[in-house]
Amino acid sequence: MNEKTKNLTKIILSIFLIGTIASCSHNNKQMKLNLTSLPVTGLSGNLAKGVSATYAALIDDKLIVAGGANFPRKLGFEGGSKAFYNEIMLFDKTRSEWKLIGHLPDSSAYGVSVPVIGGALWIGGNTASKSLAKCYKVSLTENDSVKLDDFPALPAPMDNFAGCVSGDLVFVGGGIENGKPSNSLYCINIKTDTAWSKLPDFPGTPRVQPILAAIEKDSKKYVYLLGGFFGGNAENKPAMATDVLRYDVAEQKWEKAGEQIDVTTQKPFSLGGATAMPLDNRYILCFGGVNHDIFLDAITTQYNIGNDTTTSAEEKARLNLEFSKNYMTQPIEYYKFNTECRIFDTFTGNWKTINVTPHTARAGATLVFNGKEFFAVQGELKPGVRSAVTIKGEIIFKNQ
């Protein structure tokens, strides 16, 4: 670990050691969010630099994290390449440190992690050279060895997509499918199905790096789709998705359920690269994600360079390099990743910010949860720079 990375890690750790408390009304209760950080002891080599887009699971109250990606040496425009990892790490709560318990079949990242009875599903993703359709049922043995059992593969290779679970039903959608931005939604019943079923596509723009969350209301199952972005194609320009969409599982229909509008500024906000979890079968708690305006400006600039028919290939390469040198080298504060911890009320369609903190201002973190406890695993602090810190959160309800 170089000196700059060491100093950055120390700063992050010192900040994260301070618990963060915020509150909002929850019917007649007070909702409080308590955040702390896990030690990074046991993360060595390039893993100590932090990774994003891991696979993760909470099994028997034990946190395991696998894969992920980072730029261990130089950024892409500097001649470096993104590295992918296959290590499976377990956080030993007794020793307060990470330990190696296994390896993935592929060094990969950007897949989906979904909790199921007895373990989790790790679905899709990509390696340095290809996108994956593979899916594994993950479990732990009595001596904390990890077990990966084959599970029905996706209908197509998918990465940078989203997933959620509702009872025995697992849903995945959006992202990159067969190399293209997708509007797809798929489902599998983990008890009865031997293959994934294709459901109706969601309307509007395709969504890369969106989030999904399942809510059950009046005995009806719904899947909510939030966030994501679209990098543009020959017909359509880049866009940030800010409509909240809801899929009615029984009716097999999509509808609009809200908009991502900040209650204070009344401006749209992004949930691209964010994480989310359902809460009390009513709320969707969202963390992190890229800044709407800054990220849209970046992908639009690259889109315009690439689609300028009056510019030679050599000039496009020069302009892209110039853009990358400027965009990728700004301080963390410049990118304004979402510091707001927001809750979407699925009953009313309203948003509420319950906390503002740099602790969860990540893109590409992986969120796993059990009841009111959650872990936000690592992720980006800015483009190209990861954090090795995992955040532990606890949601507490108290009577007013």
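- When atom types are taken as modelled, the side chain of Lys49 and the backbone of Pro72 share a donor-acceptor pair closer than 3.5 angstrom.
- Proximity of Trp196 to Val172: side-chain heavy atoms (C-beta onward) are separated by under 4.5 Å at one or more points.
- Sorted by first and then second residue, the pairs that involve residues 106-123 and meet salt bridge (Lys or Arg N to Asp or Glu O under 4.0 Å), not counting sequence neighbours, are Asp106-Lys134.
- In this structure the side chain of Arg95 never reaches within 4.5 angstrom of the side chain of Thr41, judged on heavy atoms.
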message: Please evaluate residues Leu154 and Phe161 with respect to the criterion side-chain contact (heavy atoms from CB on, under 4.5 Å), reporting the C-alpha separation (whole Å), side-chain torsions for both, the decisive distance (0.1 Å), and the verdict.
response: CA-CA 12 Å; Leu154 294 167; Phe161 59 121; 4.1 Å; yes

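- With Asn70 contributing its side chain and Gly50 its backbone, the two residues share a donor-acceptor pair below 3.5 Å.
- Annotation: side chain to side chain donor-acceptor pair (under 3.5 Å) contacts of Asn338 (sequence neighbours excluded): none.
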- prompt: Are Asp248 and Lys220 close enough, and set up right, to give a salt bridge (Lys or Arg N to Asp or Glu O under 4.0 Å), and what steps lead you there?
  reply: CA-CA 8 Å; Asp248 186 317; Lys220 295 190 68 174; 3.0 Å; yes

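- In this structure, Val244 is a member of the same hydrophobic cluster as Val263, with clusters built from ILVMFWY side-chain heavy atoms closer than 4.5 Å.
- Residue Tyr222 holds its OH atom at 7.0 Å from NZ of Lys217, rounded to the nearest 0.5 Å.
- Closest approach of Pro210 to Gly227, counting heavy atoms only: CB-O, 3.8 Å.
- Ring geometry for Tyr55 versus Trp122: interplanar angle of 30 to 60°, hence tilted.
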query: What do the steps show when you test Leu271 against Gln260 for side-chain contact (heavy atoms from CB on, under 4.5 Å), and what is the final call?
result: CA-CA 8 Å; Leu271 288 172; Gln260 292 164 206; 3.8 Å; yes

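- Within the 3.5 Å criterion, the main-chain N or O of Arg282 finds a donor-acceptor partner in the side chain of Thr346.
- In this structure the side chain of Lys237 never reaches within 4.5 angstrom of the side chain of Thr300, judged on heavy atoms.
- Looking at every heavy atom in both residues, Asn355 comes nearest to Thr357 through ND2-CG2, 3.7 Å.
- Proximity of a side-chain donor or acceptor of Glu315 to a complementary backbone N or O of Ser312 within less than 3.5 Å is not detected.
- A salt bridge links Arg318 with Glu322; the closest basic N to acidic carboxylate O contact falls under 4.0 Å.
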query: So Trp254 and Asn183, side-chain contact (heavy atoms from CB on, under 4.5 Å) or not? Walk me through it.
result: CA-CA 12 Å; Trp254 286 96; Asn183 289 73; over 6 Å; no

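- A search for side chain to side chain contact (heavy atoms under 4.5 Å, CB included) contacts involving Thr141 returns Asn143, Ser145, not counting sequence neighbours.
- Distance check, rounded to the nearest 0.5 Å: CZ of Arg342 to OG1 of Thr360 gives 10.5 Å.
- A cation-pi arrangement is not found for Lys392 relative to Phe375, the charged atom failing to lie both closer than 6.0 Å to the ring centre and inside a 45° cone about the ring normal.
- Between Phe171 and Tyr224, the gap from one ring centroid to the other reaches at least 6.0 Å.
- Taking a cutoff of 4.0 Å between a charged side-chain nitrogen and a carboxylate oxygen, Lys267 and Asp293 do not qualify as a salt bridge.
- Distance check, rounded to the nearest 0.5 Å: CG of Leu279 to CG of Leu285 gives 6.5 Å.
- Here the shortest heavy-atom pairing between Cys135 and Pro152 reads CB-O, 3.6 Å.
- Scanning both residues, Met277 and Gly371, for their nearest heavy atoms gives CE-O, 3.6 Å.
- Every residue meeting the side chain to side chain contact (heavy atoms under 4.5 Å, CB included) condition with Lys221, not counting sequence neighbours, appears here in chain and number order: Ser166, Leu169, Glu216, Val249.
- Rounded to the nearest 0.5 Å, atoms CG (Leu296) and OG1 (Thr301) are 9.0 Å apart.
- Counting only distance, with no hydrogens or angles, the side chain of Thr54 and the backbone of Ala56 share no donor-acceptor pair below 3.5 Å.
- Under a cut-off of 6.0 angstrom, the local environment of NZ in Lys316 is crowded, with over 12 non-hydrogen atoms contributed by other residues, nucleotides or ligands.
- Side-chain contact between Trp98 and Thr390 is present, with at least one heavy-atom pair separated by less than 4.5 Å.
- Electrostatic pairing of Asp345 and Lys352 does not count as a salt bridge here, judged by no charged N lying under 4.0 Å from a carboxylate O.
- In Lys147, the NZ atom is not crowded: 12 or fewer heavy atoms of neighbouring residues, nucleotides or ligands sit closer than 6.0 Å.
- A ring pair (Phe, Tyr, Trp, His ring centres under 6.0 Å) with Phe269 is found for one member of Phe344, Trp351, Phe337 and no other, namely Trp351.
- A 4.5 Å side-chain heavy-atom check between Val170 and Ile123 finds at least one atom pair inside the cut-off.
- Using a 4.5 Å cut-off between side-chain heavy atoms of Ile, Leu, Val, Met, Phe, Trp and Tyr, with links allowed through other members, Leu245 and Leu185 fall into the same hydrophobic cluster.
- Between Glu380 and Arg362 no salt bridge is recorded (no basic side-chain N to carboxylate O distance below 4.0 Å).
- Side chains of Ser184 and Lys198: a donor-acceptor N/O pair is present below 3.5 angstrom, by distance only.
- For the side chain to side chain contact (heavy atoms under 4.5 Å, CB included) test, residues two or more places apart in sequence or in another chain that qualify with Asn307 are Tyr303.
- Crowding of Asp60 atom CG: a count of heavy atoms from other residues, nucleotides or ligands under 6.0 Å not exceeding 12.
- With sequence neighbours excluded, no residue satisfies salt bridge (charged side-chain N to carboxylate O under 4.0 Å, His left out) with Glu394.
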- prompt: Please walk me through it: do Phe71 and Arg386 pass side-chain contact (heavy atoms from CB on, under 4.5 Å)?
  reply: CA-CA 9 Å; Phe71 290 89; Arg386 274 59 166 167; 4.0 Å; yes

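- Note: Asn178 CG to Ser131 OG = 8.0 Å, rounded to the nearest 0.5 Å.
- Of the charged side-chain nitrogens involved, at least one lies within less than 4.0 Å of a carboxylate oxygen, so that Asp280 and Lys372 count as a salt-bridged pair.
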